[in-house]
Amino acid sequence: MSDNAMVWPCLTYTDAPSAIAFLQKAFGFTATAVHGTGEVVTHAELRWPPGGGVMLGSPRPDNVHDIPADQGLVYLVTDQPDALYARAVAAGATVLRELRDEDYGSRGFSVRDPHGVIWSFGTYSGE
C-alpha cells in the first residue's frame, strides 16, 4: 500500500482565500494548488505535512456537489498534539475541546476555525 493518503476531505468556504491563510498559519498546511480568479477559489489543495490533505473552494453555482459553506468536521492524526494545540490557539482557533488524554489512548483536542469548520486533532490513527 502507498503511503500517500487517498482520502481527501472537501470543504467549501465563503472566504476561501482567508481560510487557506488560516489553515496554513494555525495547522501547518501547505497550499500546493490554488486556482481561481480574485476572491473566488475554484479549487485548492492543501497538504497536511504527515500525509494527505484537504481540497477546498468558494461556493459556486456550477458546483454539482453543493457542499454547504463553512461547515464540516475533519479529524487529523498528529504526533505533536501539544505543539499543534498551542499553534492553533495562537492563530485564533476557538477551542471546543481542550487538549487532553482520552481513555482509548489518544491525546488531542478540537477547535473551530474562524469560518465555522471544526478541526479535531489527535494521536489516534485507527485500529
Side-chain angles (χ1 to χ4, degrees):
M1 185 178 334
S2 168
D3 63 352
N4 293 328
M6 294 296 156
V7 177
W8 285 75
C10 298
L11 302 166
T12 300
Y13 279 96
T14 304
D15 185 349
S18 71
I20 292 167
F22 178 82
L23 296 176
Q24 291 178 102
K25 179 179 179 183
F27 307 141
F29 278 96
T30 301
T32 56
V34 179
H35 303 280
T37 305
E39 295 298 308
V40 176
V41 175
T42 54
H43 174 77
E45 295 177 11
L46 281 68
R47 293 279 177 166
W48 174 240
V54 296
M55 290 189 276
L56 64 90
S58 302
R60 300 186 339 258
D62 64 333
N63 185 343
V64 299
H65 299 108
D66 197 27
I67 301 168
D70 306 322
Q71 297 180 30
L73 185 152
V74 181
Y75 175 77
L76 294 103
V77 177
T78 179
D79 62 356
Q80 299 178 3
D82 295 72
L84 188 55
Y85 178 81
R87 180 179 183 158
V89 170
T94 301
V95 176
L96 300 176
R97 183 172 43 89
E98 296 283 341
L99 181 66
R100 68 183 187 201
D101 294 317
E102 301 292 349
D103 60 0
Y104 53 89
S106 185
R107 180 167 177 76
F109 64 95
S110 295
V111 295
R112 185 181 310 273
D113 72 25
H115 306 275
V117 175
I118 298 169
W119 297 85
S120 186
F121 299 87
T123 57
Y124 181 77
S125 62
E127 305 262 337

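- Clustering ILVMFWY residues whenever any of their side-chain heavy atoms sit less than 4.5 angstrom apart, transitively, puts Ile118 in a cluster other than the one holding Leu46.
- Judged purely by distance below 3.5 Å, without hydrogens or angles, the side chains of Thr94 and Arg112 never pair a donor atom with an acceptor atom.
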Derivation of the ring-ring contact (aromatic ring centres under 6.0 Å, His included) call for Phe22 and Trp119:
CA-CA 12 Å; Phe22 178 82; Trp119 297 85; 8.7 Å; no
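- Contact detail for Arg47 and Thr32: the closest heavy-atom pair is CG-CG2, 3.4 Å.
- Ring orientation note: the planes of Phe27 and Phe121 are tilted relative to one another, at an angle of 30° to 60°.
- Side-chain atoms of Ser58 do not come within 3.5 Å of backbone N or O of Val40 as any donor-acceptor pair.
- Residues Arg87 and Gln80 have side chains not in contact (no heavy-atom distance under 4.5 Å, counting atoms from C-beta outward).
- Atom CD of Glu39 is surrounded by 12 or fewer heavy atoms from other residues, nucleotides or ligands within 6.0 Å.
- Contact check for Leu84 versus Phe109: side-chain heavy atoms found under the 4.5 Å cut-off.
- Cluster annotation: Leu96 is connected to Leu73 through the hydrophobic network of ILVMFWY side chains, with a link wherever side-chain heavy atoms come within less than 4.5 Å.
- Taking all atoms of both residues into account, the shortest heavy-atom contact from Leu99 to Tyr85 is N-CE1, 3.7 Å.
- The two atoms that bring Pro49 and Gly28 nearest to each other are CG-O, 3.3 Å, heavy atoms only.
- Smallest separation of non-hydrogen atoms from Tyr124 and Ser106: N-OG, 3.1 Å.
- A distance-only check finds a donor-acceptor pair linking the side chain of Asp70 to the backbone of Thr14 [under 3.5 Å].
- The minimum heavy-atom distance linking Gln24 with Ala31 is given by the pair OE1-N, 3.6 Å.
- When atom types are taken as modelled, the side chain of Thr12 and the backbone of Pro59 share no donor-acceptor pair closer than 3.5 angstrom.
- Closest approach of Thr123 to Val77, counting heavy atoms only: O-CG1, 4.0 Å.
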